[in-house]
Colleague: 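Encoded as structure tokens, here's the structure I'll be asking about.
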Amino acid sequence: MSLSVKEILNIGRRQLEESHIADAAIDCKILYCFLMNVSSAQLILEYQRILPDSLCDEYFKLLDKRSAGVPVQYIIGTQEFMGLTFKVNESVLIPRQDTETLVEDAISIIRENKLRGEDLLPKKKKEFDVLDLCCGSGAIGLSLASLCDNVKVTCSDISQEALSVARENAEKLGVAKKVGFECGNLLVPFKGKFKNKKFDLIISNPPYIKTSVIPTLQKEVRDHEPMMALDGGLGGLDFYRGIVADAAGCLKKSGILMFEIGHDQKDAVSALIEETEQFEKITCHKDLAGRDRIVVATLAGKK
Ligand code: GLN
């Protein structure tokens with residue numbers, strides 16, 4: 001019972017729709033392109049092609065995983081972020097589009113010392129030593145290493161499994177020479193072993209969802225993405241609190257601290273930074289959807 005590509009795509013779409021997969025029409029094509037290693041442009045030229053039974057069976061296996069709620073990125077093993085292809089698996093969060101806004105702001109700071117068109121630093125910095133804390137797949141730090149010439153990046157995470165994904169991504173993106181890796185809890189490794197290690201920019205998209213909200217997340221996220229990358233504790237602020245406590249000590253002169261935040265965390269995260277009395281120019285910026293998404297602060301000079 002061999003089927004044409006068009007026929008199996010229709011079967012695929014219907015099966016995913018019946019399983020209430022939101023992007024059924026897109027996902028059935030992504031899975032086909034992954035299986036056959038063709039681009040979406042090539043796919044259009046293949047509609048009439050008859051597929052042998054063995055390939056149909058392979059395709060149906062992929063569909064079954066998607067129907068069961070496995071995110072399409074974990075099935076195909078990649079996610080595009082900042083125009084780059086990142087390997088992902090269930091040890092790392094799937095990089096989100098919202099986070100691209102954070103990376104774009106960081107690129108503008110690194111390249112031009114400007115944030116949203118405004119000068120940010122009292123004195124121009126040319127080279128940036130960047131720390132991506134809670135790096136997961138390395139989406140943030142490795143994008144900066146790929147897209148900026150004047151950076152050295154350290155990617156750090158508490159999960160060895162996540163770090164091995166980030167390491168692989170650094171190799172694949174050809175930036176391994178500019179990137180170091182560290183396994184540990186937030187800034188602890190940099191306070192101890194690397195006592196003198198200070199950065200120009202600490203950037204982080206830490207886990208920030210309140211524990212009580214986790215059960216209400218989409219089932220796909222809840223059942224497949226790593227809980228340790230999502231759960232920010234009772235008030236969702238545990239990781240910000242931990243990072244902020246040690247950040248000043250790990251920053252060079254006029255060093256910058258930059259966070260992705262949940263849309264309702266602007267005041268709480270800004271207050272945590274404010275309370276240290278070590279930062280100035282604490283600002284919040286929105287994502288493309290107009291929601292508060294990024295908090296930036298500069299290490300204050302000695303009074
Ligand atoms: N930094 C990674 C990302 O933005 C992982 C974030 C996390 O694990 N909380 O995708």
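Atoms within each ligand, like the ligands themselves, are counted from 1 in listed order.
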Colleague: Does even one non-hydrogen atom of S137 get within less than 4.0 Å of ligand 1?
Modeller: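 The answer is no: ligand 1 sits nowhere under 4.0 Å from a heavy atom of S137.
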
Colleague: Assess whether ring pair (Phe, Tyr, Trp, His ring centres under 6.0 Å) is satisfied between F259 and Y240, documenting all intermediate values.
Modeller: CA-CA 8 Å; F259 285 128; Y240 298 113; 5.0 Å; yes

Colleague: Pick one of side chain, backbone, both or neither for how S204 approaches ligand 1, counting any non-hydrogen atom pair under 4.0 Å.
Modeller: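 Neither part.
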
Colleague: Please answer: with hydrophobic residues joined when any side-chain heavy atoms are less than 4.5 Å apart, are L35 and Y47 in the same cluster?
Modeller: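 Yes, because L35 and Y47 connect within a single hydrophobic cluster, where side-chain heavy atoms sit under 4.5 Å apart.
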
Colleague: Give the atom numbers and elements of ligand 1 that come within less than 4.0 Å of a heavy atom of C134.
Modeller: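 Within the 4.0 Å cut-off of C134, ligand 1 contributes 1 (N), 2 (C), 5 (C), 6 (C).
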
Colleague: For ligand 1, which atoms, with element, lie under 4.0 Å from some heavy atom of N205?
Modeller: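 Those atoms are 3 (C), 4 (O), 6 (C), 7 (C), 9 (N).
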
Colleague: For ligand 1 and L93, I'd like to know whether there is a polar contact (N/O to N/O, distance under 3.5 Å).
Modeller: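 No; every N/O pair is 3.5 Å or more apart.
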
Colleague: Could you check whether atom NZ of K281 has more than 12 heavy atoms from other residues, nucleotides or ligands sitting under 6.0 Å from it?
Modeller: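 More than 12 heavy atoms, drawn from other residues, nucleotides or ligands, come within 6.0 Å of this atom.
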
Colleague: Return the residue, atom name and 0.1 Å-rounded distance of the protein heavy atom closest to atom 8 (O) of ligand 1.
Modeller: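 I find the closest protein heavy atom is A229 CB, 3.2 Å.
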
Colleague: So does E118 pair up with K114, basic N to acidic O under 4.0 Å?
Modeller: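 No, this pair does not count.
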
Colleague: Under 4.0 Å from a heavy atom of P95: give me the atoms of ligand 1 that qualify, with their elements.
Modeller: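 Near P95, meaning under 4.0 Å from one of its heavy atoms, ligand 1 has 10 (O).
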
Colleague: Which of the atoms of ligand 1 are close to T99, meaning less than 4.0 Å from one of its heavy atoms?
Modeller: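 Going through ligand 1 atom by atom, the ones under 4.0 Å from T99 are 4 (O).
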
Colleague: I need the minimum non-hydrogen distance between L9 and K29, along with the two atoms involved.
Modeller: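 That closest heavy-atom pairing would be CD2-CA, 4.1 Å.
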
Colleague: Check V88, V103, I94 against F81 for a side chain to side chain contact (heavy atoms under 4.5 Å, CB included) and give me the one that passes.
Modeller: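 Result: among V88, V103, I94, V103 is the only option passing the side chain to side chain contact (heavy atoms under 4.5 Å, CB included) with F81.
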
Colleague: Considering non-hydrogen atoms of the protein only, which is the closest contact for atom 2 (C) of ligand 1, and what is the distance?
Modeller: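 Looking at atom 2 (C) of ligand 1, the protein heavy atom closest to it is C135 O, 3.4 Å.
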
Colleague: Taking atom types as modelled, is there a side-chain donor on S39 or Q42 under 3.5 Å from an acceptor on the other?
Modeller: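 Indeed, the side chains of S39 and Q42 share at least one donor-acceptor pair under 3.5 Å.
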
